[in-house]
There are 2 protein chains.
Amino acid sequence: MSAIETPTGDELLKVLAALGNPHRMRIVAALAEGRNYVSRLAREIGMSRPLLHMHLQRLEAAGLVVGSLELSDSGKAMKFFEVSPFAYALTPQVVAEAARTLTDQAAKTAGEQHEAGPEPDEQVSDEKERAT
Amino acid sequence: MSAIETPTGDELLKVLAALGNPHRMRIVAALAEGRNYVSRLAREIGMSRPLLHMHLQRLEAAGLVVGSLELSDSGKAMKFFEVSPFAYALTPQVVAEAARTLTDQAAKTAGEQHEAGPEPDEQVSDEKERAT
DNA sequence: CTTGGGTGTAAGAAGAATCTGACACGTGGC
DNA sequence: GCCACGTGTCAGATTCTTCTTACACCCAAG
C-alpha cells in the first residue's frame, strides 16, 4: 500500500471510542442529514442537552464533527454542529500500525481537547483493492 | 460495486467498541504478526491471562479475531487466535446507514456470542472518492 | 423585570467496563 | 504423587463512562 498516512494510535483510538457508542452513532447520523444546533438536536433525538453536549464534545474531540458558535438574527448565540468528512479504513494492518504509536495517555483521557498545533488532516482511505 | 453492504448497526457498534480500547488494539496488532495461543500472548504483551481472555472474547464476539482450540503434540490443549481479515470503511454515511439499524440491545450486550447462522461477510470498503 | 430560548458547566448518582486473585480441570514428565 | 503448563470461569474491587439535576450567563420580547 502506499502510505496513506495511517492515523495515530491515539487518534484512531479516540475515533473508535467516540463512534463505539449507540448514542453518538445516532448523533453523527442525525448531523449527516444537515447541520443543527444543540438544543434543537437534543429535542429531535430525544436526549437532554447536557448529555448531548457531552457526546458532541467527545465527537468533536475525535474530529468527527465540528461546531461553530453563531449568532442568529435575533442575537441568540447558537452552537451549530456538522459532521466533518472523515474517512477511515479499518483493517488489521491499519490497527497494527496505529497500535505502534499508542501512548498511554490516550487510555485515560478519551475525551479531551486536541493538542495545540497539528490537526491538519485525518482523512485517509481511498485505497481500492490493490493486491498487496 | 456501490452498495457495499453496510454493516448492521449492532455489528458496527460491536466492532468499534471492541477496537476502541488500547489493549484490544495492541492485541489485534500482536495477532496481526501471527497466530498465537493465549498464555503465550499474555506473557508477550504483559497482561494477566484472565484479562486477555476477556478481551479476546470481546474481539471474537465482534468477529475481529477467531480462536480455535487445538492440541499440541504433547497433548496440551491450546487455544490459538488469529485475526480475521476484516475491512470496514468508516465514513459519515456508513455510520448514518448503520445507525438506522441500531437495536437497543446492542447498547447493553457488547460482548456476546454471534448469532447462529449468518456470518458470511462483513467485508466492505473499496469505495474510492465518489463525489456525493 | 419576568418569561422564554439559547449557551455552558459542575456535582453526584447510577451503571458498565476493566482488572486482580483464586479456584477447578486436564495432561506430560520427574 | 507432585510440579509445570495449558485451559476456563467466577467474585469482588476498582475505575471509567454515562446520565440527571441544578446552576449561571446572555439576549429579545412581552
Side-chain angles (χ1 to χ4, degrees), chain A residues 13-27 35-62 65-81 102 104-113, chain B residues 13-27 35-62 67-81 102 104-113:
Chain A
L13 183 59
K14 248 191 283 194
V15 168
L16 295 176
L19 247 33
N21 175 294
H23 279 180
R24 286 191 288 263
M25 269 180 72
R26 295 226 319 264
I27 292 172
R35 46 188 274 133
N36 208 343
Y37 65 94
V38 182
S39 287
R40 196 150 86 95
L41 184 56
R43 259 179 263 120
E44 292 182 2
I45 64 183
M47 83 166 72
S48 67
R49 271 189 283 80
L51 185 53
L52 175 58
H53 186 261
M54 192 208 58
H55 284 309
L56 281 172
Q57 249 182 199
R58 223 164 167 65
L59 287 170
E60 187 172 35
V65 304
V66 285
S68 64
L69 190 64
E70 303 179 7
L71 287 152
S72 74
D73 51 338
S74 4
K76 303 262 188 62
M78 351 240 313
K79 183 128 193 191
F80 276 86
F81 275 91
L102 260 182
D104 47 339
Q105 59 172 4
K108 29 185 84 330
T109 341
E112 190 128 316
Q113 75 297 337
Chain B
L13 183 58
K14 248 192 284 195
V15 168
L16 295 176
L19 247 32
N21 175 294
H23 280 178
R24 286 191 288 261
M25 269 181 72
R26 294 226 319 264
I27 292 172
R35 44 188 276 131
N36 208 344
Y37 65 94
V38 183
S39 286
R40 196 150 86 95
L41 183 56
R43 257 179 265 120
E44 291 182 4
I45 65 183
M47 83 167 72
S48 66
R49 270 180 300 101
L51 186 53
L52 176 59
H53 186 263
M54 191 207 59
H55 283 310
L56 282 172
Q57 249 183 198
R58 225 166 167 64
L59 287 170
E60 189 172 33
S68 64
L69 190 64
E70 303 179 7
L71 286 152
S72 74
D73 50 339
S74 0
K76 303 262 188 65
M78 350 240 315
K79 183 129 192 192
F80 277 88
F81 275 91
L102 260 182
D104 46 339
Q105 59 172 2
K108 29 185 91 305
T109 338
E112 191 129 318
Q113 77 296 339

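Since the structure is predicted, the reported quantities are computational estimates derived from the model, not experimental observations. These numbers come from the heavy atoms of this one structure, side chains and all, not from hydrogens, waters or symmetry mates.
Summarising the geometry of Gly20(A) relative to Leu13(B), their closest heavy-atom pair is C-CD1, 3.4 Å, with the distance given to 0.1 Å. Residue Glu60(B) comes nearest to Gly67(B) through the heavy atom pair OE2-N, 3.2 Å, listed as atom of the first residue, atom of the second, then distance. When all heavy atoms are compared, the tightest approach of Ser39(B) to Arg49(B) is OG-CD, 2.9 Å.
When rounded to the nearest whole Å, the span between CD of Glu70(A) and P of dT7(C) equals 11 Å. Rounded to an integer number of Å, the gap from NZ of Lys14(A) to C1' of dT17(D) is 17 Å. In this structure, Leu13(A) places its CG atom 14 Å from C1' of dC16(D), rounding to the nearest Å. Rounded to whole Å, atom P of dT18(C) lies 10 Å from atom CG of Leu59(B). The interatomic distance linking Arg40(B) (CZ) with dG6(D) (P) rounds to 10 Å, in whole Å. Residue Met78(A) contributes atom CE, which lies 11 Å from atom P of dG8(C) at whole-angstrom precision. In this structure, Phe81(B) atom CZ and dG6(D) atom P are separated by 15 Å, rounded to whole Å. One atom, CD1 of Ile45(B), and another, P of dC19(C), lie 11 Å apart when rounded to the nearest Å.
Comparing dT7(C), dT18(C), dT9(C) by their nearest atom to the side chain of His53(A) picks out dT9(C). The side chain of Gln57(A) has dT9(C) as its nearest neighbour among dT9(C), dG6(C), dC19(C). The Val38(A) side chain lies nearest to dT7(C) when the options are dG6(D), dT7(C), dT18(D). Listed nucleotides: dT18(D), dG8(D), dT18(C). Nearest to the side chain of Asn21(A): dT18(D). Side-chain proximity of Met54(A) to the nucleotides dC19(D), dG6(D), dT18(C) is greatest for dC19(D).
One finds no side-chain N or O of His55(A) lying less than 4.0 angstrom from the OP1 or OP2 phosphate oxygen of dT17(D). Taking 4.0 angstrom as the limit, Tyr37(A) places none of its side-chain polar atoms (N or O) nearer than this to OP1 or OP2 of dT7(C). Phosphate proximity of dT17(D) to His23(A): absent, as no side-chain N or O sits under 4.0 Å from OP1 or OP2. For Ser48(B) and dC19(C), the shortest distance from a side-chain N or O to OP1 or OP2 is not below 4.0 Å.
Once rounded to the nearest 0.5 Å, the distance linking NZ of Lys79(B) with OG of Ser68(B) reads 8.0 Å. A distance of 11.5 Å separates CG of Leu52(A) from CZ of Arg24(A), quoted to the nearest 0.5 Å. For the atom pair CZ of Arg58(A) and CD1 of Ile27(A), the computed distance is 11.5 Å after rounding to the nearest 0.5 Å.
Remark on DNA chain D: of its neighbouring residues Arg24(A) and Arg43(B), the 5'-side contact belongs to Arg43(B), judged by nearest-heavy-atom nucleotide.
In this structure, the side-chain contact (heavy atoms from CB on, under 4.5 Å) partners of Asn36(A), at least two apart in sequence or on a different chain, are Leu31(A), Arg40(A), Leu41(A), Glu44(A). Remark: Met78(A) engages Tyr37(A), Ser72(A), Lys76(A), Phe80(A) in a side-chain contact (heavy atoms from CB on, under 4.5 Å) (not counting sequence neighbours).
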- request: Determine, for nucleotides 21-27 of chain C in 5'-to-3' order, which nucleotides have protein heavy atoms under 4.0 Å from the base (write B), from only the sugar-phosphate (write S), or from neither (write -).
  value: BB---BB

